[in-house]
Amino acid sequence: MSDTPLFHADTLLPRDPATRKIARELYETVCGLPIVSPHGHTDARWFADNEAFRDPARLLIVPDHYVYRMLYSQGVPMEDLGVARVDGGPTESDPRKIWRLFAAHYHLFRATPTQLWFDYTLQNVFGITEPLSAQSADAIYDVIDAALKAPEFLPRALFERFGIEVLATTDCPLDDLRHHKAVRNSGWEGKVIPAYRPDLVVDPHAKGFVENVARLGDITGEDTATWQGYLAAHRVRRKFFAAMGATATDHGHPSAQTADLAQGEASALFAKALAGNCSADEAELFRAQMLSEMAAMSLEDGLVMQIHPGAYRNHNVCVFERFGADKGGDIPRRTDFVHALKPLLDRYGNEADLTIVLFTLDESAYGRELAPLAGHYPALKLGPPWWFHDSAEGMRRYRTMVSETAGFYNTVGFNDDTRAFLSIPARHDVARRMDCSFLAEMVGDHRIGREEAIEVAHDLAYGLAKAAYKL
Ligand SMILES: [Zn+2]
């Protein structure tokens, strides 16, 4: 038995005792607040079927690209971690073997948020006190495996135990949302809502774009062979998503480029996209135009718009060809916002009824571009640190670089953005600790009062996400 807890009560709180005391007091006021999760990638099927999670490896390792990108970087083949191959070829299927392999490499995660999240989960979800290692792997596996068979570890029970008030998934317009429907019709009170993520039907270079647009037409009864019919189909589908509880759209474009083409030009570009012969620049221009079209629709139907630009997707071609997308081979790139968003902002930037939440993987844009933009345009808000920057230091850099220009109230609270359901409480807890630490420093410097800090801490942990995403 180890004397040191896996996840210490003062984790991430300031070292200086006076500031730590203030941070603790603030943290005490927010640590038990419900979780609002307005953006993420969990599977609605879990909550529809409410079947037991199969085993520790398939729950905690196989779906988590943060986990296997690190092991892959150290030469561990992804097949050995049970990641499915595109060609259906053999991969490891014994969950205990996968778990042992992960445990033997657990030291690789030191300094990464993955270790914080994982230790938090082992301790606070499963009651484990022993550090994970090659030696403890089997015993910890057995504890988790046994727990997963118990009713209190079924997906809905965990959802309730985590205190999740609302959980948004991310869904393609072609999805029939059957699992969301099943959740709604089940009589269970848990709120699981979709988000409209149309990348596969707005990106001419997305896999199957032409067929996807045709299917969009079939589903909606609109003639998506025409530009006007295509836009109408989006309106129909957005309405359906909103009726299923969606309050937001999400756009994962390579850049933040927007455009404001004349309808004739947009229509001609769409025809070219449907003919399958867009150049890279034309595909970029079409996606850019679609961001502006989506903003126009958001102004009509009230869906909050999220833009997640700047990931160079599938940078590792070998991994992409062997395992498909979202396998840890995405790399951040430089992202321009000031010029890229100008066409959209010229049209819609002054609309106070429109909410566009901007995210970045390019931290150099926080102080120079994003905080000034979000601190000025009524339509813009700044999303929390994302993906590679969803970490303690990433949060500290974000608050430091953004707050003095954009304040707190042009930001939208925290997004866990995760596929790893069990890490949700850990991720929100890390954000709450970092925000309380930041506020405690401000109180210590007499930049804000204690009562103000308590109010802000509450808003950062809960109120802002609820308000920005209309939840
Ligand atoms: Zn996401």
Side-chain angles (χ1 to χ4, degrees), residues 36 38-40 166 168-175 177 193-203 216 220 222 224 227-253 255-261 263 266 270 286-309 337 340-360 370 373-374 376-384 386 409-413 415 417 464-471:
V36 174
H39 175 80
V166 55
T169 60
T170 307
D171 309 273
C172 178
L174 305 177
D175 194 308
L177 304 182
I193 61 174
Y196 191 76
R197 168 104 170 215
D199 298 357
L200 295 179
V201 287
V202 304
D203 178 4
L216 184 65
T220 56
E222 299 290 338
T224 54
W227 171 239
Q228 288 307 331
Y230 169 72
L231 293 180
H234 276 291
R235 285 194 185 89
V236 169
R237 216 54 198 149
R238 290 168 62 111
K239 200 169 171 192
F240 169 66
F241 271 56
M244 294 299 294
T247 66
T249 70
D250 182 31
H251 308 276
H253 291 198
S255 77
Q257 192 61 52
T258 63
D260 187 13
L261 300 177
Q263 289 302 298
F270 179 60
F286 186 75
R287 291 189 297 265
Q289 179 64 21
M290 285 311 296
L291 283 183
S292 301
E293 298 293 347
M294 288 287 138
M297 290 182 203
S298 279
L299 204 48
E300 290 167 19
D301 62 21
L303 293 182
V304 172
M305 186 172 178
Q306 305 172 95
I307 305 179
H308 281 95
F337 292 89
L341 292 175
K342 184 95 169 62
L344 186 155
L345 292 174
D346 282 345
R347 240 190 134 106
Y348 305 114
N350 297 297
E351 300 285 354
D353 290 340
L354 177 64
T355 303
I356 301 174
V357 185
L358 300 174
F359 294 80
T360 192
L370 290 166
L373 283 166
H376 171 68
Y377 280 101
L380 292 183
K381 294 264 189 300
L382 187 52
W386 172 42
Y409 292 88
N410 283 304
T411 65
V412 301
N415 287 185
D417 193 21
L464 282 176
K466 223 171 135 79
Y469 285 88
K470 305 178 181 176
L471 294 166

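All values below were derived from every heavy atom in this structure, side-chain atoms included, with hydrogens, water molecules and symmetry-related copies excluded.
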Trainee: Working to the nearest 0.5 Å, report the span between CG of D417 and OG1 of T170.
Mentor: 7.0 Å

Trainee: Under the side chain to side chain contact (heavy atoms under 4.5 Å, CB included) rule, what do W386 and N415 come out as? Steps first, then yes or no, please.
Mentor: CA-CA 8 Å; W386 172 42; N415 287 185; over 6 Å; no

Trainee: Is there side-chain contact between H253 and D199, with at least one heavy-atom pair below 4.5 Å?
Mentor: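 Answer yes - side chains close enough.
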
Trainee: Roughly how far, to the nearest 0.5 Å, is CE of M294 from CG of L299?
Mentor: 13.5 Å

Trainee: Ignoring hydrogens and angles, tell me if any N or O in the side chain of S298 forms a donor-acceptor pair with the backbone of L303 under 3.5 Å.
Mentor: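 Between the backbone of L303 and the side chain of S298 there is a qualifying donor-acceptor contact (under 3.5 Å).
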
Trainee: Let me confirm one number: the CG-OG1 distance from L370 to T411, rounded to the nearest 0.5 Å.
Mentor: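 L370 atom CG to T411 atom OG1 measures 12.5 Å (nearest 0.5 Å).
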
Trainee: In terms of the angle between their ring planes, are H39 and F359 parallel, tilted or perpendicular, with boundaries placed at 30° and 60°?
Mentor: tilted

Trainee: Just by modelled atom types, is the A195 backbone N or O under 3.5 Å from a matching donor or acceptor in the D171 side chain?
Mentor: yes

Trainee: When you compare the side chain of I356 with that of L344, does any pair of heavy atoms fall below 4.5 Å?
Mentor: yes

Trainee: Could you pull out all residues at least two apart from A379 that satisfy side chain to side chain contact (heavy atoms under 4.5 Å, CB included)?
Mentor: L354

Trainee: Looking at residues at least two apart in the chain, or sitting in another chain, which of them share a salt bridge (Lys or Arg N to Asp or Glu O under 4.0 Å) with K342?
Mentor: D346

Trainee: Restricting to pairs with a member in residues 347-358, which pass salt bridge (Lys or Arg N to Asp or Glu O under 4.0 Å), not counting sequence neighbours?
Mentor: D260-R347

Trainee: Once rounded to the nearest 0.5 Å, what's the spacing between atom OH of Y196 and atom NZ of K239?
Mentor: 13.5 Å

Trainee: Please report the closest heavy-atom contact between E222 and G229, naming both atoms and the distance.
Mentor: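 Minimum heavy-atom separation between E222 and G229: CB-O, 3.5 Å.
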
Trainee: Mind checking side-chain hydrogen bond (donor to acceptor under 3.5 Å, both in side chains) for D301 and listing every partner two or more places apart, or none if nothing turns up?
Mentor: R238

Trainee: For A340, enumerate each residue passing the side chain to side chain contact (heavy atoms under 4.5 Å, CB included) test, keeping only those at least two apart in sequence or located in another chain.
Mentor: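 Here the qualifying residues are A256, Q257, D336.
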
Trainee: Taking all heavy atoms of T169 and all of P194, pick out the closest pair and write down the distance.
Mentor: OG1-CA, 3.5 Å

Trainee: Heavy-atom distance under 4.5 Å between the side chains of L341 and L373, does that happen here?
Mentor: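 With C-beta onward as the side chain, the pair touches.
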
Trainee: Could you measure the distance from the CG atom of L200 to the CG atom of L216? Nearest 0.5 Å is fine.
Mentor: 11.5 Å

Trainee: Taking the side chain as every heavy atom from C-beta outward, state whether L380 and L345 have any atom pair closer than 4.5 Å.
Mentor: yes

Trainee: With sequence neighbours excluded, what pairs up with A248 under the side chain to side chain contact (heavy atoms under 4.5 Å, CB included) test?
Mentor: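 Residues passing side chain to side chain contact (heavy atoms under 4.5 Å, CB included) with A248: V304, Q306, Y469.
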
Trainee: Where is the tightest heavy-atom contact between Y409 and K381, given as atom of each residue plus distance?
Mentor: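 That closest heavy-atom pairing would be O-CE, 3.9 Å.
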
Trainee: Holding to side chain to side chain contact (heavy atoms under 4.5 Å, CB included), I want the full list of residues that pass it with Q263, two or more places apart in sequence or in another chain.
Mentor: W227, Q228, L231, Q289, E293

Trainee: Show the nearest heavy-atom pair for residues T258 and S292, with the distance to one decimal.
Mentor: CB-OG, 3.8 Å

Trainee: Side chain to side chain contact (heavy atoms under 4.5 Å, CB included) for V412 and T355? Distances and angles first, verdict last.
Mentor: CA-CA 10 Å; V412 301; T355 303; 5.6 Å; no

Trainee: Can you tell me how far OG1 of T220 sits from OH of Y230, rounded to the nearest 0.5 angstrom?
Mentor: 11.5 Å

Trainee: Who are the side-chain hydrogen bond (donor to acceptor under 3.5 Å, both in side chains) partners of D203, not counting sequence neighbours?
Mentor: R287

Trainee: For Y348, what residues pass the side-chain hydrogen bond (donor to acceptor under 3.5 Å, both in side chains) criterion, not counting sequence neighbours?
Mentor: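 Counting only residues at least two positions away or on another chain, Y348 forms no side-chain hydrogen bond (donor to acceptor under 3.5 Å, both in side chains).
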
Trainee: How close do F240 and L177 get, heavy atom to heavy atom, and via which atoms?
Mentor: CE2-CD1, 3.6 Å

Trainee: Minimum heavy-atom separation for P173 to R237, with atom names?
Mentor: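 Where P173 meets R237 most closely, the heavy atoms are O-NE, 2.6 Å.
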
Trainee: Any side-chain heavy-atom pair from V202 and H234 closer than 4.5 angstrom?
Mentor: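 A side-chain contact exists here, since the closest heavy-atom pair is under 4.5 Å.
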
Trainee: side-chain hydrogen bond (donor to acceptor under 3.5 Å, both in side chains) with D250: which residues, sequence neighbours excluded?
Mentor: R197, H308

